[in-house]
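Everything on this sheet refers to the single structure shown next.
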Amino acid sequence: MRRMEQGQLLTHLRRGTLEYCVLAALRGGERYAGELIGDLSADGVLVTSEGTVYPMLARLRRDGMVDSSWRESPAGPPRRYYRLTRRGEVAVRTFADQWGMFRDAVDRVIKGEM
Amino acid sequence: MPSLSTTRIQHYLDDLDRALRHLPRDRRQEIAHDVRSHIEAALADAKDQGSQEVESIIERLGTPEEIAAAASDDQPEPSRGMAGRDVAAIIFLLIGGLVIPLVGWLVGAVLLWTSAAWRLKDKLIATLLLPGGLATPAALLALGVRTSSSSCGGSTQAPVPVHSPAVAQDPVSSIATTCTHSGSSGHVGLAVLFLVVGVAAPLFSTWWLIRHARRPGPMSGN
């Protein structure tokens, strides 16, 4: 097994899960992109460069997982708001199930209970 | 906005544009626009628009290279591992009509239109080029052969001057001569053209479908 630096390891772990985290963050309703990104990057674990979320959001839009709309803002330029689509809801629900199983399985092994 | 900050922002956006150069233009512009809006909105929210704020916003955004790398991850991969039903769609569209006339191709069309692997544009191209797949030029060929052979047959039954020495000595070549003269060269040229197009179009569609297939699944490009 290739030995990975810590940064690389996290990058690999994020791949495949981060987009679902973005979807999950929209479960509570429509959100402005900057706020969504701010939340996800708060702990510095899921997101380290905020800019990288934009290509991801663009792809989620292309894949029909989210919809976006521009809204006028009182102070400043128009802002883009994102909301989950039906398809996105289904995707994140499926992920949540799988993630639970996966996380529990990894935890068991890591803690030596397997 | 202080001009120094504006310059800094512009430098960053220029660097970003350079880093995104390899992307298709619409994606590049979309990401650039989103990042620009992000900076503008963050500045509007910030307590001031000083160079320190700008620096902080840009630092949190990450390097243009990081953003470009994230964008490249999303590029559609070449279609490895097409679903079985998608492979079947391609096969049925191409040669289904040869095995079971009309129905064979229709099966392919149904599989195509119910597939998640292609966009509307891909499906339209594959359906219109060419309805019937390779069966269509094959049918045209068979029709053409039958037409020319019947006219050839008809000609040999037409009264032939018995006393013509050429005919009497060489019946085969006389049939051949009659056959080529029974259709004008214009018709033959047109027929060949239809045949070539009729074969090229389904082959092109097949290539197109293979090239543009996306792996099915909730998240493509994973």
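This structure is a prediction, so every number in the text was calculated from the model and none was measured.
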Would A:Leu23 and A:Glu19 count as a side-chain contact (heavy atoms from CB on, under 4.5 Å) here? Give the steps. CA-CA 6 Å; A:Leu23 293 181; A:Glu19 53 205 3; 5.8 Å; no
Counting heavy-atom pairs under 4.5 Å to chain A, which of B:Ser37, B:Ala41, B:Ala42 comes out on top? B:Ala41
Does B:His33 have any ring-ring contact (aromatic ring centres under 6.0 Å, His included) partners at least two apart in sequence or in another chain, and if so, which? A:Trp70
Which residues in residues 61-68 of chain B have a heavy atom less than 4.5 Å from any heavy atom of chain A? B:Leu61, B:Gly62, B:Glu66, B:Ile67
Please say whether more than 12 non-hydrogen atoms of neighbouring residues, nucleotides or ligands are located less than 6.0 Å from OH in A:Tyr32. yes
Within 6.0 Å of CZ in B:Phe92, more than 12 heavy atoms from elsewhere: no
Can you confirm whether A:Glu89 is buried at CD, in the sense that more than 12 heavy atoms of other residues, nucleotides or ligands lie under 6.0 Å from that atom? yes
Which of residues 78-86 of chain A get closer than 4.5 angstrom to chain B, counting heavy atoms alone? A:Arg79, A:Arg80, A:Tyr82
Would you say that more than 12 heavy atoms from the other residues, nucleotides or ligands in this model lie under 6.0 Å from the CZ of B:Arg119, or not? yes
Please find the pair of heavy atoms, one from B:Ser72 and one from B:His22, that lie closest to each other, and give the distance. OG-NE2, 2.8 Å
Evaluate the criterion side-chain contact (heavy atoms from CB on, under 4.5 Å) for residue pair B:Leu209 and B:Leu93; output intermediate values, then yes/no. CA-CA 11 Å; B:Leu209 286 180; B:Leu93 281 172; 3.9 Å; yes
Side chain, backbone, both or neither: which part of A:Phe95 has an atom under 4.5 Å from a heavy atom of chain B? neither
Expected output: side-chain B:Thr127 to main-chain B:Lys123 donor-acceptor under 3.5 Å: yes
Expected contact set for residues 43-50 of chain A against chain B at heavy-atom separation under 4.5 Å reads A:Thr48, A:Ser49, A:Glu50
Heavy atoms from other residues, nucleotides or ligands near CD of B:Gln10 exceed 12 (cutoff 6.0 Å): yes
Looking at A:Arg71, I want to see if its CZ is surrounded by more than 12 non-hydrogen atoms of other residues, nucleotides or ligands under 6.0 Å. yes
Under 4.0 Å between a side-chain nitrogen and a carboxylate oxygen: does that hold for A:Asp39 and A:Arg31? yes
For A:Cys21 and A:Leu40, work out which heavy atoms get closest and say how close. O-CD2, 4.3 Å
Output, in order, the C-alpha distance, side-chain angles, deciding distance and verdict of side-chain contact (heavy atoms from CB on, under 4.5 Å) for B:Asp17 and B:Arg28. CA-CA 7 Å; B:Asp17 207 57; B:Arg28 189 174 61 217; 4.2 Å; yes
Taking side chain as everything from C-beta outward and backbone as N, CA, C, O, which of these in A:Arg14 sits under 4.5 Å from a heavy atom of chain B? Side chain, backbone, both or neither. neither
